[in-house]
Structure formats: structure tokens, C-alpha cells
Amino acid sequence: MTWIKQYAEKRSAKDPKFKAAYEEEAALLGLVRARQMANLTQQNLAKTLRVSQPYIAQIERGSKPISLSFMVRYANAVGATIQITPQQDNAVPA
């Protein structure tokens with residue numbers, strides 16, 4: 001594990017806002033990597049999703065909020081899946 005990941009995990013344990021931002025950034029990076037592995041340009045993806053290329057760029061930069069439904073559409077378009085894993089400390093009692 002890199003020192004950056006170690007730092008992020010330690011800080012995430014203490015700071016919920018940092019944790020949320022770190023997880024959001026990791027999700028965006030995962031989507032970008034999936035797009036690149038699918039050999040799609042932002043323009044190709046934008047055409048498939050019927051949005052503009054600048055919109056894709058803003059989402060990938062993190063300067064435009066992304067809804068869960070759009071994230072799923074994006075993932076489907078690049079051949080990826082979205083995985084939601086419950087956290088034990090946030091589990092909802094039965």
C-alpha cells in the first residue's frame with residue numbers, strides 16, 4: 001500500500017468529510033480508467049450518452065456533480081459496474 005493510501009485511510013477514519021471526498025474522487029478515477037480501458041474518448045462517450053463532451057470533461061474533473069443514475073449510465077457505457085458495499089460502522093439495524 002502506498003503512503004498516500006495509508007494516509008487517506010487514517011484520515012478517513014477520523015474525518016467523515018475527507019472520507020466522502022476521497023471516495024468520490026476514487027469513484028471518478030475508476031470511471032475514467034474504465035473509459036480509457038474501453039478505448040473510448042470523451043467525445044465517443046458523450047455521443048453514446050447523448051450529452052456534450054464538455055459535460056463529460058466536467059464530470060471527470062469533478063467540477064460537475066454526478067447523479068447516481070448518470071454514474072450507472074456512464075459505467076454501463078464503458079463496460080463497468082457500480083458496486084455499493086455497506087460499511088459496518090454505518091449499518092442500519094434490522
Side-chain angles (χ1 to χ4, degrees):
M1 180 181 302
T2 67
W3 69 271
I4 294 173
K5 282 192 175 194
Q6 288 176 335
Y7 170 79
E9 285 185 8
K10 285 181 183 178
R11 181 147 179 213
S12 291
K14 298 175 188 173
D15 184 347
K17 287 183 181 181
F18 178 87
K19 182 178 183 178
Y22 180 72
E23 289 175 350
E24 182 179 335
E25 183 70 20
L28 288 173
L29 286 173
L31 288 174
V32 172
R33 284 189 190 115
R35 175 181 61 76
Q36 292 169 339
M37 289 176 63
N39 292 317
L40 291 172
T41 64
Q42 289 180 346
Q43 186 65 41
N44 299 138
L45 180 61
K47 188 174 183 178
T48 299
L49 296 176
R50 297 183 180 170
V51 296
S52 69
Q53 179 276 325
Y55 183 76
I56 297 295
Q58 290 171 340
I59 285 176
E60 290 184 354
R61 262 195 321 269
S63 61
K64 174 86 96 193
I66 182 171
S67 68
L68 179 58
S69 62
F70 190 81
M71 186 180 286
V72 170
R73 286 180 53 215
Y74 184 122
N76 287 336
V78 298
T81 58
I82 302 294
Q83 181 178 1
I84 298 174
T85 307
Q87 297 174 359
Q88 291 191 357
D89 60 340
N90 291 337
V92 177

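As the structure is a computational prediction, the values presented were derived from the model and not from experiment. One is the number of the first residue; the rest follow in order along the sequence.
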Could you tell me which residues satisfy side chain to side chain contact (heavy atoms under 4.5 Å, CB included) with Glu25, sequence neighbours excluded, listed by chain and number? Leu29
How many angstroms lie between CG in Leu45 and CG in Leu40, if you round to the nearest 0.5 Å? 6.0 Å
Considering residues at least two apart in sequence or located in another chain, which fulfil the ring pair (Phe, Tyr, Trp, His ring centres under 6.0 Å) criterion with Tyr7? none
Name all pairs fulfilling the salt bridge (Lys or Arg N to Asp or Glu O under 4.0 Å) condition that reach into residues 1-16, sequence neighbours left out, sorted by first residue then second. Arg11-Asp15
Spacing of Gln83 atom CD and Thr81 atom OG1 [to the nearest 0.5 Å]: 7.0 Å
List for me each residue that meets side chain to side chain contact (heavy atoms under 4.5 Å, CB included) alongside Thr41, sequence neighbours excluded, and say none if there are none. Gln43, Asn44
Taking the six-membered ring for Trp, are Phe18 and Tyr22 parallel (under 30°), tilted (30 to 60°) or perpendicular (over 60°)? parallel
Is there a path of hydrophobic side-chain contacts, each under 4.5 Å between heavy atoms, that joins Phe70 and Ile82? yes
With a cut-off of 3.5 Å and sequence neighbours excluded, list every side-chain donor-acceptor pair involving residues 49-58.
unit_1: Ser52; atom_1: OG; unit_2: Tyr55; atom_2: N; d: 3.2
unit_1: Gln53; atom_1: NE2; unit_2: Gln42; atom_2: OE1; d: 2.5

Inter-residue atom distance Ile66.CD1 - Leu28.CG, 0.5 Å rounding: 6.5 Å
Any salt bridge (Lys or Arg N to Asp or Glu O under 4.0 Å) involving residues 31-40? Give me the pairs, sequence neighbours left out, ordered by first then second residue. Arg35-Glu60
If you count every heavy atom of other residues, nucleotides or ligands that lies below 6.0 Å from Glu23 atom CD, does the total exceed 12? yes
